[in-house]
Amino acid sequence: MTMKIFNSYTNALETFVPRHPGVVSMYVCGPTVYNYIHIGNARPVVFFDTVRRYFAAKGNRVRFVSNFTDVDDKIIAKAKEQGKDEASVSQFFIDAFLRDVAALGSSVDYVQPRVTRYMDKIIDYIADLVKEDYAYVVDGDVYFRVSKFAEYGRLSNRKLDDLIAGARVEVNEKKESPLDFTLWKKTAEGIRWDSPFSVGRPGWHTECVAMIDDIFGEEIDIHGGGMDLMFPHHENEIAQACAHDHHRVARYWMHNGRLDIGGEKMSKSLGNDIKVKDLAGDLRGYRMYLLATHYRAPLSFSLENLESYQKEWAKDEKSVQTLFRTLDRNRTLQPHAVLSDPEIASTLTQFDEAMENDFNTPNALTAWNVLLKIINNLLRRPSEPSVMNQALEAARYMLGVLGLEPVLKPLDGEERALFTAWDDARKAKDFAAADRFRAELVRRDLI
RNA sequence: GGACCUAUAGCCAAGAGGAAAGGCAAGGGACUGCAACUCCCUGACCGUUGGUUCGAAUCCGACUAGGUCCUCCA
């Protein structure tokens with residue numbers, strides 16, 4: 001099979017070949033930590049984690065990096081408002097972010113560079129751009145000279161003339177061109193650093209390329225983020241990297257589509273923004289909801305749909321748990337089953353084909369549903385332990401890739417005895433006792 | 001003003017030129033000591049309208065409705 005990825009840079013479906021065989025390098029734009037993340041922020045968090053899981057499941061070593069933007073006007077404003085320093089504000093929301101990420105079933109085990117800890121490298125990067133004449137200093141501010149980069153606009157498919165025509169009346173007269181973007185801003189307020197240009201702080205476009213250059217030291221395989229970052233942020237990253245590092249940051253650019261609420265943009269002014277931490281119920285149901293739509297398509301959120309997917313996820317998890325417990329009760333659990341059953345094997349093929357087709361997670365979920373039906377049928381009647389173990393193995397693989405991992409715990413002696421007692425009571429037609437044991441099993445969430 | 005995206009059953013959603021996947025909800029049936037879970041069966045003039053084609057949900061044009069970007073935003 002061949003991995004196909006839609007490359008936003010070329011606007012085409014391309015065969016994915018990592019630069020170094022067996023190693024996939026990924027960078028995903030992370031959050032500006034001035035608030036809790038909302039449900040739209042969860043989309044790239046879940047999707048790119050799934051990409052990572054798939055590559056890892058296929059035996060690759062995945063080098064996954066995602067930054068924290070902990071220098072920003074909004075953080076400074078928040079710190080001022082709360083009478084704290086910027087570092088404690090950003091640390092608070094970094095912690096909150098990582099809790100949300102974990103609750104969504106995404107791994108928090110990745111490289112997490114922060115702007116505040118990258119200041120020297122960011123300043124050096126900007127200084128290099130100035131030295132090479134790709135950037136210029138005016139009154140302590142530094143701007144990137146877009147006119148020097150002929151390919152500007154290629155990623156977002158824009159023409160320079162259109163951009164200039166559409167540009168707002170530029171209040172900043174220091175810039176040579178309204179398209180030039182800020183690399184460094186001189187400031188007397190808030191968190192700031194000394195630099196060869198002035199005392200100030202960096203613009204937010206340089207951090208990602210400085211981090212990528214430092215951590216990977218070469219063009220990476222995949223750069224991901226939301227479609228709304230394509231312009232200007234990613235365009236600006238490419239411009240800087242081409243000037244400084246002589247490559248386009250990443251060989252494959254991936255952009256996820258936007259999430260809205262009931263067809264309306266989610267925004268504070270409409271009063272319809274929802275924070276991840278405020279969602280009720282198991283967030284893995286939300287993960288399933290997010291993965292049920294292809295990552296590039298727009299997704300319209302509703303609480304009704306969330307509940308529907310949460311219910312579905314609960315049923316799915318229950319089936320796998322029942323399969324696991326049945327094998328456990330019969331002492332026929334095998335740690336690693338070899339997949340020889342053709343029906344089960346074909347669901348795996350179907351699953352992989354979906355994933356290899358530009359991470360078509362909706363179709364991967366369809367393959368999962370086929371396997372789920374097989375599992376439920378195996379559970380309806382006495383079945384071969386070896387086939388059941390294969391089904392469990394396949395389920396673990398698929399759900400592991402999707403980040404929807406059921407909690408599977410072996411039964412302890414007491415639980416095992418309870419199942420036996422229930423069985424015995426039913427066999428003896430002592431239904432009053434059977435109902436008591438059943439109620440206890442339900443109470444313990446074992447059936 | 002410029003650049004785009006989306007429109008498939010009550011809801012969610014695949015499919016991207018050759019007989020409309022899947023899930024949820026709903027109805028019917030089966031299993032069960034009674035339940036729950038589960039299983040089986042039942043659903044589509046693919047936004048409207050012109051065109052291209054032997055053949056269009058899929059390609060092209062127009063229209064309608066929503067949305068995005070050009071300005072902080074995943």
Side-chain angles (χ1 to χ4, degrees), chain A residues 13 28-32 34-35 37-48 66 69 72-74 153 156-159 161-171 178-179 204 224-235 255-268 273 288-289 291-302 304-316 318-319 321-322 350 354 357 360-370 372-373 375-381 425-432 434-435 438-439 441-442 447:
Chain A
L13 202 60
V28 179
C29 287
T32 301
Y34 70 102
N35 205 337
I37 58 165
H38 64 240
I39 55 175
N41 300 123
R43 205 172 179 190
V45 165
V46 165
F47 174 66
F48 290 107
S66 186
T69 300
D72 180 89
D73 288 350
K74 279 174 280 199
S156 53
N157 204 20
R158 280 153 215 261
K159 299 187 193 86
D161 291 348
D162 292 343
L163 284 171
I164 291 165
R168 281 189 170 178
V169 180
E170 189 54 61
V171 287
L179 295 183
W204 75 296
M227 249 167 216
D228 49 336
L229 286 182
M230 200 185 259
F231 186 88
H233 185 53
H234 291 162
E235 201 71 72
H255 290 95
N256 62 276
R258 241 190 123 89
L259 178 141
D260 62 48
I261 295 186
E264 277 195 317
K265 177 179 175 158
M266 179 167 42
S267 75
K268 280 176 197 155
D273 67 313
M288 184 177 248
Y289 184 2
L291 293 176
T293 298
H294 185 82
Y295 77 94
R296 283 192 282 119
L299 191 154
S300 186
F301 177 88
S302 74
E304 292 74 19
N305 288 336
L306 171 65
E307 282 164 19
S308 158
Y309 281 104
Q310 283 178 324
K311 213 169 128 188
E312 194 178 331
W313 163 244
K315 280 165 66 174
D316 292 6
K318 183 75 92 183
S319 284
Q321 287 172 334
T322 304
Q350 188 186 342
N357 182 20
N360 193 325
T361 54
N363 283 341
L365 281 168
T366 295
W368 158 244
N369 274 311
V370 176
L372 180 67
K373 189 125 331 198
I375 289 172
N376 285 330
N377 272 306
L378 287 171
L379 290 171
R380 284 193 80 219
R381 57 186 75 91
R426 276 187 300 170
K427 262 181 228 153
K429 296 203 189 295
D430 179 356
F431 297 125
D435 285 351
R438 181 170 71 188
L441 285 164
V442 169
I447 53 173

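Values below: all heavy atoms of this structure, side chains included; hydrogens, waters and symmetry mates excluded. As the structure is a prediction and not an experimental result, all values here were calculated from the model. Proteins get letters first, then strands, A, B, ... in listed order; numbering begins at 1 in each.
- Closest to the side chain of Asn357(A), out of rG23(B), rA14(B), rG15(B), is rG15(B).
- Residue contacts for Asn369(A): at a heavy-atom cut-off of 4.0 Å it reaches the sugar-phosphate backbone alone, with no base atom in range.
- Among the protein residues, Leu259(A) comes within range of the nucleic acid bases, having at least one heavy atom under 4.0 Å from a base atom.
- When both distances must be under 3.5 Å, the Watson-Crick or G-U wobble mate of rA44(B) does not exist.
- Nucleotide rC72(B) holds its C1' atom 14 Å from the CG atom of Asn35(A), rounded to whole Å.
- With hydrogens and angles ignored, no donor-acceptor pair closer than 3.5 Å exists between the side chain of Asp316(A) and the base of rG23(B).
- One can place NZ of Lys429(A) at 11 Å from P of rU32(B), the figure rounded to the nearest angstrom.
- As rounded to whole Å, 9 Å separates atom C1' of rC12(B) from atom CG of Leu299(A).
- Side-chain atoms of Arg426(A) lie closest to rG33(B) of the nucleotides rG22(B), rG33(B), rA14(B).
- In this structure, Asn357(A) contributes its side chain and Asn360(A) its backbone to no donor-acceptor pair below 3.5 Å.
- Here rC59(B) sits opposite rG51(B) as a Watson-Crick or G-U wobble pair (both hydrogen-bonding atom distances under 3.5 Å).
- Checking side-chain atoms of Thr32(A) against main-chain N and O of Thr69(A) turns up no donor-acceptor pair under 3.5 Å.
- Per the geometry, CG belonging to Asn377(A) stands 12 Å off C1' belonging to rC31(B), to the nearest Å.
- Here Phe431(A) lies in heavy-atom contact (under 4.0 Å) with a base.
- Rounded to whole angstrom, the span from the CG atom of Leu372(A) across to the P atom of rG22(B) amounts to 14 Å.
- Pair assignment for rA36(B): none, as no Watson-Crick or G-U wobble contacts are both less than 3.5 Å.
- For the P atom pair drawn from rA20(B) and rU32(B), the interatomic distance equals 39 Å after rounding to whole Å.
- The C1' atoms of rC40(B) and rG33(B) are separated by 23 Å, rounded to the nearest whole Å.
- Taking atom P in both rG15(B) and rG47(B), one finds a spacing of 16 Å when rounded to whole Å.
- For rU58(B) and rA19(B), the C1' atoms lie 15 Å apart once the distance is rounded to whole Å.
- Using atom P as the reference point in both rA7(B) and rC34(B), the two lie 48 Å apart (nearest Å).
- Summarising the geometry, the separation between NE2 on His234(A) and P on rU68(B) is reported as 20 Å, rounded to the nearest angstrom.
- Here the nucleotide nearest the side chain of Lys315(A), chosen from rG33(B), rU6(B), rU38(B), is rU38(B).
- Within 3.5 Å, no donor on the side chain of Arg438(A) pairs with an acceptor on the base of rA36(B), nor the reverse.
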Side chain to side chain contact (heavy atoms under 4.5 Å, CB included) between Asn369(A) and Lys373(A), intermediate numbers included: CA-CA 6 Å; Asn369(A) 274 311; Lys373(A) 189 125 331 198; over 6 Å; no

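- Note on His38(A): a base of the nucleic acid sits closer than 4.0 angstrom, heavy atoms only.
- Comparing rU68(B), rA13(B), rC72(B) by their closest approach to the side chain of Thr293(A) singles out rA13(B).
- Under the Watson-Crick or G-U wobble criterion, with both distances below 3.5 Å, rA16(B) has no partner in any strand shown.
- Rounded to a whole angstrom, the distance from the C1' atom of rC69(B) to that of rC60(B) is 26 Å.
- Counting all heavy atoms, side chain and backbone alike, Asn376(A) lies closest to Ser319(A) at OD1-OG, 2.8 Å.
- Which of rU68(B), rA25(B), rA30(B) sits closest to the side chain of Arg380(A) comes down to rA30(B).
- Candidate nucleotides rC70(B), rU6(B), rG22(B) were compared by shortest atom distance to the side chain of Thr366(A), and rG22(B) ranks first.
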Side chain to side chain contact (heavy atoms under 4.5 Å, CB included) assessment of Arg43(A) paired with Thr293(A): CA-CA 10 Å; Arg43(A) 205 172 179 190; Thr293(A) 298; 3.9 Å; yes

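- Among the protein residues, Gly225(A) comes within range of the sugar-phosphate backbone only, with heavy atoms under 4.0 Å from sugar or phosphate atoms but none that close to a base.
- Looking at Thr366(A) and Gln350(A), their side chains come closer than 4.5 Å, going by heavy atoms from C-beta outward.
- Backbone-only engagement by Asn376(A) is indicated by non-hydrogen atom pairs under 4.0 Å involving sugar-phosphate atoms exclusively.
- Separating the C1' atom of rA13(B) from that of rC24(B) is a span of 11 Å, rounded to the nearest Å.
- Of the residues near RNA chain B, Glu312(A) and Pro31(A), the one whose nearest nucleotide (by heavy atom distance) lies more toward the 5' end is Glu312(A).
- Contacts of Asn41(A) with the nucleic acid, taken as non-hydrogen atoms under 4.0 Å apart, include base atoms.
- Base pairing of rC72(B) is not made with any nucleotide, judged by Watson-Crick or G-U wobble geometry with both donor-acceptor distances under 3.5 Å.
- Look at NE2 on His294(A): it is 21 Å from P on rG23(B), rounded to the nearest Å.
- Contact annotation: Lys373(A) reaches the phosphate of rC40(B) (side-chain N/O to OP1 or OP2, under 4.0 Å).
- With rC69(B), rC72(B), rG15(B) as the candidates, the nucleotide lying closest to the side chain of Asp228(A) is rC69(B).
- When rounded to the nearest whole Å, the span between CE of Met227(A) and P of rG67(B) equals 18 Å.
- Look at the C1' atom in both rC39(B) and rG17(B): the space between them is 38 Å, to the nearest Å.
- Under the 4.5 Å side-chain criterion, counting only non-hydrogen atoms from C-beta, Ser302(A) is in contact with Tyr289(A).
- Within the 4.0 Å cut-off from OP1 or OP2 of rG23(B), not a single side-chain nitrogen or oxygen of Lys311(A) is found.
- The 5' end of RNA chain B is approached more closely, in terms of each residue's nearest nucleotide, by Leu365(A) than by the other of Leu365(A) and Lys74(A).
- Nucleic acid contact class of Asn360(A) (heavy atoms, under 4.0 Å, all strands): sugar-phosphate only.
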Criterion side chain to side chain contact (heavy atoms under 4.5 Å, CB included) on Val45(A) and Val28(A), from CA distance to verdict: CA-CA 9 Å; Val45(A) 165; Val28(A) 179; over 6 Å; no

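- Residues Ile39(A) and Ile261(A) are in side-chain contact: their nearest non-hydrogen atoms beyond the backbone lie under 4.5 Å apart.
- Summarising the base pairing, rU6(B) is matched to rA65(B) through a Watson-Crick or G-U wobble pair whose two defining distances lie under 3.5 Å.
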